[in-house]
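Along the sequence shown, the residues carry numbers beginning at 1.
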Amino acid sequence: MGGRSGETPPIPILYEDNHLLVVVKPPGIPSQEDESGDPDMLTLLKEDLKLRHNKPGNVFLGLVHRLDRPVGGVMLFAKTSKAAGRLSDSVRTRNFRKTYLAVLSKAPKPSEGSLLHYLVKDSRRNIVTAYDHPSADAKEARLSYRTGPSPGGLTLAAVQLHTGRPHQIRVQFSAIGCPLIGDLKYGASDRGGSTSKGVHGDIALWSARAGIPHPVTKEWMEFQSMPPNLQPWTAWTLEQLEQASTGLSMDDMPI
């Protein structure tokens with residue numbers, strides 16, 4: 001899918017059938033319409049489906065999960081209401097595996113482990129606060145991580161979410177003193193060589209892999225996208241990034 005000149009970057013399609021659409025979300029685009037009024041993934045993809053398939057009237061497209069605006073990578077959508085229901089069930093029952101790659105400003109200790117926090121979102125300010133213990137209105141957030149090579153003081157981490165909370169990876173690593181490169185909202189001291197252009201610019205977090213049962217055939221499907229060839233990701237080879245994303249299994253990570 002090509003972006004409209006001067007408005008949005010191209011949105012690569014990884015997989016498409018009658019039930020499922022899998023794309024690579026460019027950083028900086030909202031997952032769905034928000035108060036900014038900027039072009040969003042859901043609207044852009046609906047427009048593209050209507051044009052490519054010459055569909056009259058409204059086009060159905062269901063949001064299976066969300067990525068924060070500054071985050072890029074693999075993103076799934078349902079093309080029918082039945083598929084949307086089944087994919088949502090997979091997400092709800094945690095039969096949806098997501099692996100992210102992140103570049104941290106500091107190496108966490110231990111180098112492999114899990115994080116548990118309780119998150120409270122301030123919707124007015126669009127910011128999330130992490131607590132070590134349960135508190136009023138807080139939602140439990142759990143993730144597992146494993147770090148890799150750390151050239152030049154940067155630390156590559158593969159992350160798997162066990163819950164899906166807003167800003168979860170960003171705020172949990174910030175809470176342990178290891179904010180993501182470029183994430184000024186959650187404590188990064190500078191952009192650390194990232195290409196971030198501001199509050200809606202990209203940060204060093206990428207949705208690298210996603211696995212889910214197909215909504216109709218039930219076949220397990222996995223999709224992969226590696227970060228762009230830009231700083232700070234260029235501190236690692238493509239092979240290192242792929243190895244980091246594939247070497248993390250939900251089955252062998254601590255919870």
Side-chain angles (χ1 to χ4, degrees), residues 25 27 29-36 40-42 62-78 84-102 104-106 108 110 112-146 157-180 182-188 199-200 203-213 248-251 253-255:
K25 175 188 174 300
I29 301 179
S31 292
Q32 62 187 130
E33 186 177 1
D34 62 16
E35 66 279 356
S36 72
D40 64 277
M41 292 293 293
L42 199 57
L63 197 65
V64 177
H65 64 116
R66 295 172 178 81
L67 294 178
D68 291 350
R69 182 168 184 162
V71 179
V74 180
M75 192 170 183
L76 282 64
F77 296 84
R86 291 176 177 176
L87 292 168
S88 294
D89 285 344
S90 293
V91 173
R92 180 179 51 81
T93 58
R94 298 182 181 176
N95 197 20
F96 178 32
R97 300 185 181 182
K98 295 178 287 182
T99 301
Y100 293 80
L101 292 176
L104 310 178
S105 56
K106 181 182 175 183
E112 176 181 335
S114 59
L115 300 179
L116 170 63
H117 292 95
Y118 300 88
L119 307 186
V120 176
K121 182 176 182 179
D122 182 337
S123 297
R124 184 180 61 82
R125 297 167 56 219
N126 193 30
I127 195 165
V128 177
T129 303
Y131 296 93
D132 292 331
H133 304 286
S135 63
D137 301 321
K139 293 185 177 181
E140 182 181 284
R142 294 184 294 118
L143 63 77
S144 298
Y145 69 89
R146 178 179 295 157
V159 183
Q160 277 206 327
L161 293 177
H162 303 296
T163 54
R165 310 301 185 198
H167 304 186
Q168 180 176 337
I169 295 174
R170 301 164 64 186
V171 71
Q172 285 197 267
F173 278 108
S174 177
I176 63 168
C178 304
L180 276 61
D183 197 359
L184 303 186
K185 174 176 279 191
Y186 289 108
V199 67
H200 296 318
I203 60 177
L205 180 60
W206 193 262
S207 173
R209 296 177 68 86
I212 199 166
L248 185 61
S249 169
M250 186 173 287
D251 296 329
M253 288 301 293
I255 298 178

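The backbone N or O of G187 lies less than 3.5 Å from no partner atom in the side chain of S174, so there is not a single donor-acceptor pair. Of the possible donor and acceptor atoms, one in the side chain of H65 sits under 3.5 Å from a partner among the backbone N and O of L76. A donor-acceptor pair under 3.5 Å is formed between the side chain of D34 and the backbone N or O of S36. In terms of modelled atom types and a separation under 3.5 Å, the side chain of K25 and the main chain of R69 share a donor-acceptor contact. Panel note: side chain S105, backbone P179; a donor-acceptor pair is recorded below 3.5 Å. For the pair R170 (side chain) and L180 (backbone), a donor-acceptor distance under 3.5 Å is absent. One N or O on the side chain of Y186 and one on the backbone of V128 form a donor-acceptor pair closer than 3.5 Å. Listed for the S207 side chain is a donor-acceptor partner under 3.5 Å among the backbone atoms of V74.
Considering all non-hydrogen atoms of both residues, L104 and C178 come closest at CD2-O, 3.7 Å. When all heavy atoms of A175 and A130 are compared, the closest pair comes out as CB-CB, 4.0 Å. Shown here for A141 and R165, the closest heavy-atom pair between the two residues is CB-CG, 3.9 Å. Of all heavy-atom pairs between L119 and P166, the closest is CD1-O, 4.4 Å. Of all heavy-atom pairs spanning L67 and G73, the tightest one is CD1-O, 4.0 Å.
We find that R86 and D89 are not joined by a salt bridge, their nearest charged nitrogen and carboxylate oxygen being 4.0 Å or further apart.
The neighbour count for E33 CD, taken as heavy atoms of other residues, nucleotides or ligands under 6.0 Å away, does not exceed 12.
Note that CE of M75 is 10.0 Å distant from NZ of K98, once rounded to the nearest 0.5 Å. From Y118, atom OH reaches atom CG of L116 across 4.5 Å, with rounding to the nearest 0.5 Å. Of the inter-residue distances, the one linking F173 atom CZ with D183 atom CG reads 12.0 Å to the nearest 0.5 angstrom. F96 CZ to L87 CG: the interatomic distance, rounded to the nearest 0.5 Å, is 8.5 Å. Atoms CD1 and NE2, from I127 and H167 in turn, are 8.5 Å apart once rounded to the nearest 0.5 Å. Atom CD of Q32 and atom CG of L63 lie 5.0 Å apart (nearest 0.5 Å).
You'll find the side chain of V64 reaches within 4.5 Å of the side chain of V91, heavy atoms only. Proximity of V171 to T129: side-chain heavy atoms (C-beta onward) are nowhere separated by under 4.5 Å.
When only modelled atom types and interatomic distance are considered, T93 and N95 share no side-chain donor-acceptor pair under 3.5 Å. A donor-acceptor contact closer than 3.5 angstrom links the side chains of Q168 and T163.
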**Request:** Report the C-alpha separation of S144 and H162 in whole Å, then their side-chain angles, then the decisive distance to 0.1 Å, and conclude whether the side-chain contact (heavy atoms from CB on, under 4.5 Å) test is met.
**Result:** CA-CA 8 Å; S144 298; H162 303 296; 2.6 Å; yes
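For the salt bridge (charged side-chain N to carboxylate O under 4.0 Å, His left out) condition, the pairs that include at least one residue of residues 115-134, sequence neighbours left out, are D122-R125.
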